[in-house]
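Reading through the structure tokens given below for one structure.
Order of listing sets the numbers, starting from 1, for every ligand and every atom in it. Since the structure is predicted, the reported quantities are computational estimates derived from the model, not experimental observations.
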Amino acid sequence: MWKKWFGKSDTKQHNDYEGIDHSRVPKHVAIIMDGNGRWAQKKGLPRTFGHRVGAETLREIVKAASNIGIQVLTAYAFSTENWRRPADEVSLLMNLLADYLDNEINELNKNNVRIKFIGNIEGLSKSLQEKIEKAQALTTHNTGLVLNLAVNYGGRAELTRAVKIISEKVLKQEISIEEISDSTIEQYLYTANLPAPDLLIRPSGDFRISNFLLWQMAYTEFWFTETNWPDFKPVDLIQAICDYQQRERRFGGIKNTKKR
Ligand code: IPE
Ligand code: IPE
Ligand code: MG
């Protein structure tokens with residue numbers, strides 16, 4: 001259904017989409033949805049307006065990612081540090097998230113998207129937690145795009161949590177210290193069983209990772225744009241993927257030796 005919409009409604013996007021090398025589509029794309037406030041302020045509007053338009057952008061980018069054949073899209077919606085913002089902005093963001101789930105969940109489900117939340121969900125309101133659990137349960141058997149929404153997420157908090165879980169297991173003698181490996185740690189991250197991000201996109205002209213997927217991004221390719229998230233279009237996603245496809249990933253090796 002989305003495929004039809006995508007192909008017919010915007011010829012320019014469709015043509016650019018054809019420019020992607022389909023044999024090398026990144027499996028996992030992570031996005032820091034940044035710049036909503038600046039986008040609104042530049043237009044003389046309240047920051048909250050930017051967040052509303054930013055939620056629309058997410059809808060469009062999820063469709064595009066699904067059509068392109070990306071397997072996992074992780075979108076950073078609210079960080080553990082975003083609680084430092086004024087209470088009315090925080091509460092608007094939480095309401096937008098609830099609205100997103102209410103309005104989108106059936107469409108996502110119809111399109112075989114599996115929605116997952118990463119972050120400290122227990123730190124959110126009970127009603128939001130219920131919506132999140134319902135959305136996850138409804139789509140749990142879907143086999144298309146995995147949409148990971150990072151909410152109340154912090155890379156440091158995620159690692160601290162993993163350390164605590166593993167320490168507990170050591171204390172209970174379920175695991176020995178010698179047995180702890182990279183994959184043990186990975187197993188206790190929110191992203192367990194998912195491939196690491198191949199590509200990170202950060203809009204809005206800032207060049208930092210802001211506590212996002214610290215462990216997982218060890219070998220991720222970074223792509224930045226000045227465009228603010230509310231103006232970000234499928235064509236920008238396509239550009240990022242095309243640029244990614246020109247990169248040479250070496251993973252610490254040297255050219256063409258990865259498989260030796
Ligand atoms: C991203 O936009 C949304 C969240 C962090 C929740 P911002 O609100 O950070 O927008 P800027 O960076 O201030 O422009
Ligand atoms: C990162 O953006 C978090 C999200 C987009 C959800 P911020 O706007 O919070 O990051 P900083 O404060 O500019 O580093
Ligand atoms: Mg920001």
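Listed by atom number, the atoms of ligand 2 under 4.0 Å from Ile32 heavy atoms are 1 (C), 5 (C). Here is the list of ligand 2 atoms found below 4.0 Å of a heavy atom in Arg208: 11 (P), 13 (O), 14 (O). Close approach of ligand 2 to Ser210 is summarised as follows: ligand atoms under 4.0 Å from at least one heavy atom of the residue are 1 (C), 10 (O), 11 (P), 14 (O). Under a 4.0 Å criterion applied to the non-hydrogen atoms of Phe78, ligand 2 contributes the atoms 6 (C).
The number of heavy-atom neighbours closer than 6.0 Å to CG of Leu171, taken from other residues, nucleotides and ligands shown, is above 12.
Ile121 and Tyr190 are not part of a single hydrophobic cluster, where members link through side-chain heavy atoms under 4.5 Å apart. In terms of hydrophobic clustering, with Ile, Leu, Val, Met, Phe, Trp and Tyr side chains grouped at heavy-atom distances under 4.5 Å, Ile132 and Val113 are assigned to a common cluster. Clustering ILVMFWY residues whenever any of their side-chain heavy atoms sit less than 4.5 angstrom apart, transitively, puts Tyr100 in the very cluster that holds Leu73. Under a hydrophobic-cluster definition in which Ile, Leu, Val, Met, Phe, Trp and Tyr are linked whenever side-chain heavy atoms come within less than 4.5 Å, directly or via other members, Leu96 and Leu108 are assigned to different clusters. The cluster map of Ile, Leu, Val, Met, Phe, Trp and Tyr, joined by side-chain heavy atoms under 4.5 Å apart, puts Ile70 and Met217 in different clusters.
Ranked by closest heavy atom to atom 3 (C) of ligand 2, the top entry among Trp229, Tyr153, Tyr76 is Tyr76.
For Arg84, no heavy-atom contact with ligand 2 is shorter than 4.0 Å. Only the side chain of Leu93 comes within 4.0 Å of ligand 1, judged by heavy-atom distances. Proximity of His51 to ligand 1, defined as any heavy-atom pair under 4.0 Å, is confined to the side chain (atoms from C-beta onward).
In this pair, Phe212 and Tyr76 present their aromatic rings parallel. The plane angle is below 30°, not in the 30 to 60° band.
At a threshold of 4.0 Å, the pair Asp206-Arg38 counts as salt-bridged, since one of the basic side-chain nitrogens sits closer than that to a carboxylate oxygen. Between Glu107 and Lys110, at least one side-chain nitrogen of the basic residue sits less than 4.0 Å from a carboxylate oxygen of the acidic one, meeting the salt-bridge criterion.
Ser91 and Asp88 share no side-chain donor-acceptor pair at under 3.5 Å. Judged by distance alone, the side chains of Asp182 and Trp215 never bring a donor and an acceptor atom under 3.5 Å apart.
Note: an N/O pair closer than 3.5 Å links Asp34 and ligand 1 by distance alone. Polar contact with ligand 1: absent for Trp39 (N/O pair, distance under 3.5 Å).
Within the coordination shell of the Mg ion (ligand 3), defined by N, O or S atoms under 2.8 Å, Asp34 is present.
By the 4.0 Å heavy-atom criterion, Gly35 is counted among the residues contacting ligand 1. No heavy atom of Gln41 sits closer than 4.0 Å to any atom of ligand 1. Contact between Arg38 and ligand 2 is absent, with no heavy atom of the residue lying under 4.0 Å from the ligand. At least one heavy atom of Ala77 sits closer than 4.0 Å to an atom of ligand 1.
There is no protein heavy atom less than 4.0 angstrom from atom 12 (O) of ligand 2.
Annotation: atom 1 (C) of ligand 1 to nearest protein heavy atom, Met33 O, 2.9 Å. Of the protein's non-hydrogen atoms, Gly37 N, 2.9 Å is the one closest to atom 10 (O) of ligand 1. The single protein non-hydrogen atom nearest to atom 4 (C) of ligand 1 is Arg85 NH1, 3.9 Å, given as residue, atom name and distance. Of the protein's heavy atoms, Asn36 N, 3.2 Å lies nearest to atom 2 (O) of ligand 1. In terms of protein heavy-atom proximity, atom 9 (O) of ligand 2 is closest to Asn82 ND2, 2.9 Å.
Geometrically, Lys43 engages Trp39 in a cation-pi contact defined by less than 6.0 Å to the ring centre and at most 45° from the axis.
The line from NZ of Lys116 to CG of Leu147 is 11.0 Å long, rounded to the nearest 0.5 Å.
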